[in-house]
Trainee: 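One structure is given below, represented as structure tokens, and several questions about it will come after.
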Amino acid sequence: MTKYIAHINPLNAEKIGCQPHGTAEFTENGDQLHIKVEMFDTPKNIEHWEHFHGFPDGKVAQAATMAQDVNHDGFVDLPETEPVSGTTMVPLDADPAKMNIPNNTYPVADSNGYYEYEIDVPLTELQENFKKAFGSTDLQLDKRVVYVHGVPESIKLPDTVKGCVMDYDTHTTLPIAAGKIEKED
Ligand SMILES: [Cu+2]
């Protein structure tokens, strides 16, 4: 059994008016990857896209900070995370092994901004699809970063805030929290 954990810290908190934080745990056990995410103080009553991001070449990803706001619009948007965090890799949705990023099966925060997400993923299927996308079956979890996204429509985002994923609204893709995944002893 191999266990990994990410301590997830707020990003863009000043603009979104809350401090999303929590943990993500990944446990590899035979052909099963158990994933558990618990988040507090996220924007309430909306769906939150969540993934791990990383570099296909194995470079160690780091969680973005406000230092990544290179266009100085006050927001770290998804494209601005890429130099330090890499690309969107695996969705923490209803079926992570399918690696289908844009969908509506991500967790929804309750009226307190809390959610818990827990799932068992067939590792072989995930690794096969991971290889198709990134050229290797090795997930290299300890080189990845967990991202949580999503702010309500009521938050006004400047035109300089960009998404990445097809034509999804930037409210869906704006990062609100991130944490580097570390291997546990
Ligand atoms: Cu993401």
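Order of appearance sets the numbers: ligands from 1, and atoms from 1 within every ligand.
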Trainee: Would Glu28 and Lys3 satisfy salt bridge (Lys or Arg N to Asp or Glu O under 4.0 Å), going step by step from the backbone distance to the final call?
Mentor: CA-CA 6 Å; Glu28 287 178 1; Lys3 202 171 173 187; over 6 Å; no

Trainee: Of all residues at least two apart in sequence or in a different chain, which pass the ring pair (Phe, Tyr, Trp, His ring centres under 6.0 Å) check with Phe55?
Mentor: none

Trainee: Find out whether Thr2 and Lys183 are in side-chain contact, i.e. whether some heavy atom of one side chain is under 4.5 Å from a heavy atom of the other.
Mentor: yes

Trainee: With no hydrogens and no angle check, is any side-chain donor or acceptor of Asn29 less than 3.5 Å from a backbone partner on Met1?
Mentor: no

Trainee: Would you list the atom pairs, donor with acceptor, under 3.5 Å between side chains in residues 117-126 and any protein atom, with sequence neighbours excluded?
Mentor:
from   : atom 1 : to    : atom 2 : distance (Å)
Tyr117 : OH     : Asp93 : N      : 3.2
Tyr117 : OH     : Asp93 : O      : 2.7
Glu118 : OE2    : His34 : NE2    : 2.9
Asp120 : OD1    : Gln32 : NE2    : 3.3
Asp120 : OD1    : His34 : ND1    : 2.6
Thr124 : OG1    : Asp31 : OD1    : 2.5
Glu125 : OE2    : Lys98 : NZ     : 2.8

Trainee: Please, which pairs that meet side chain to side chain donor-acceptor pair (under 3.5 Å) have at least one residue in residues 18-27, sequence neighbours excluded?
Mentor: none

Trainee: Please give me the protein atoms (N, O or S only) lying under 2.8 Å from the Cu ion (ligand 1), ordered by chain and number.
Mentor: His51 ND1, His53 NE2, His149 NE2

